[in-house]
Amino acid sequence: MKRGLIVYVTGGGELAEDSWGLYACMDRYAAHEVGVARDESDIAYCWWRMLTRGMQEVMCVRARVDGDGMDVVGAPLRLCG
């Protein structure tokens with residue numbers, strides 16, 4: 001089963017698409033693809049993009065970005081699958 005992960009940045013700075021923190025999240029949640037969302041419309045777009053790329057399960061985690069890196073806040077939310 002292919003799994004997609006959306007990282008919703010709710011606090012702190014910006015998160016680049018090729019950040020090492022994203023790769024760590026991919027390993028932690030065993031995701032095949034990752035997307036970064038900065039607001040609710042980005043979540044919907046990433047979700048749609050992952051479904052069209054064949055992801056059977058899509059999860060969303062909330063993250064806070066600071067100078068030291070990225071911290072995941074709370075438990076992951078399964079959007080589908």
Side-chain angles (χ1 to χ4, degrees):
M1 177 186 311
K2 293 174 79 176
R3 178 181 290 168
L5 178 68
I6 300 170
V7 178
Y8 180 34
V9 179
T10 58
E14 293 291 318
L15 183 64
E17 293 283 340
D18 58 350
S19 169
W20 66 268
L22 288 180
Y23 294 116
C25 272
M26 285 179 72
D27 288 342
R28 180 177 178 183
Y29 296 108
H32 294 88
E33 186 173 331
V34 68
V36 177
R38 291 164 185 84
D39 58 24
E40 290 83 8
S41 63
D42 287 344
I43 292 174
Y45 175 74
C46 288
W47 188 0
W48 170 80
R49 190 185 76 209
M50 289 182 186
L51 288 178
T52 59
R53 291 185 179 180
M55 301 297 135
Q56 288 101 4
E57 183 177 22
V58 179
M59 300 176 72
C60 182
V61 295
R62 195 169 59 119
R64 186 177 311 121
V65 178
D66 59 7
D68 297 334
M70 180 182 78
D71 294 323
V72 174
V73 180
L77 173 67
R78 188 173 64 186
L79 300 176
C80 69

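For reference, positions follow the sequence shown, starting with 1.
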Point-to-point distance, once rounded to the nearest 0.5 Å, from SG of Cys25 to CE of Met59: 10.5 Å

Test side-chain contact (heavy atoms from CB on, under 4.5 Å) applied to Asp66 - qualifying residues, sequence neighbours left out: Asp68, Asp71

Smallest separation among heavy atoms of Gly4 and Ala31, with atom names: C-CB, 4.5 Å

Partner set under side chain to side chain donor-acceptor pair (under 3.5 Å) for Arg28, not counting sequence neighbours: none

hydrophobic_cluster_shared for Val72 and Val34, side chain cutoff 4.5 Å: yes

Interatomic distance, Met50 atom CE to Lys2 atom NZ [nearest 0.5 angstrom]: 11.0 Å

Residue pair Val73 / Arg64: nearest heavy atoms and the distance that separates them: CG2-NH2, 3.7 Å

Set of side-chain contact (heavy atoms from CB on, under 4.5 Å) partners for Ala37, sequence neighbours left out: Ile6, Tyr8, Asp42, Ile43

Non-neighbouring partners of Arg53 that pass salt bridge (charged side-chain N to carboxylate O under 4.0 Å, His left out), sequence neighbours left out: Glu33

Same apolar cluster (I L V M F W Y, side chains within < 4.5 Å links), Met70/Met26: yes

Side chain to side chain donor-acceptor pair (under 3.5 Å) partners for Ser41, two or more places apart: Asp39

Contacts of type side-chain contact (heavy atoms from CB on, under 4.5 Å), residue Leu77, not counting sequence neighbours: Leu79

Summary of ring pair (Phe, Tyr, Trp, His ring centres under 6.0 Å) pairs that have at least one residue in residues 62-81, sequence neighbours excluded: none

Where at least one partner belongs to residues 52-75, residue pairs that pass ring pair (Phe, Tyr, Trp, His ring centres under 6.0 Å), sequence neighbours excluded: none

Residues which pass side chain to side chain donor-acceptor pair (under 3.5 Å) with Tyr29, listed by chain and number, not counting sequence neighbours: none

Interatomic spacing from SG in Cys80 to CG in Leu51 - rounded to 0.5 Å: 4.5 Å

Co-members of Trp48 in a cluster of I, L, V, M, F, W and Y side chains, linked at under 4.5 Å: Tyr45

Nearest non-hydrogen partners of Val36 and Arg38, listed with the distance: CG1-NH1, 3.7 Å

Set of side chain to side chain donor-acceptor pair (under 3.5 Å) partners for Arg3, sequence neighbours left out: Glu57

Same apolar cluster: Trp47 and Val7, side chain cutoff 4.5 Å: no

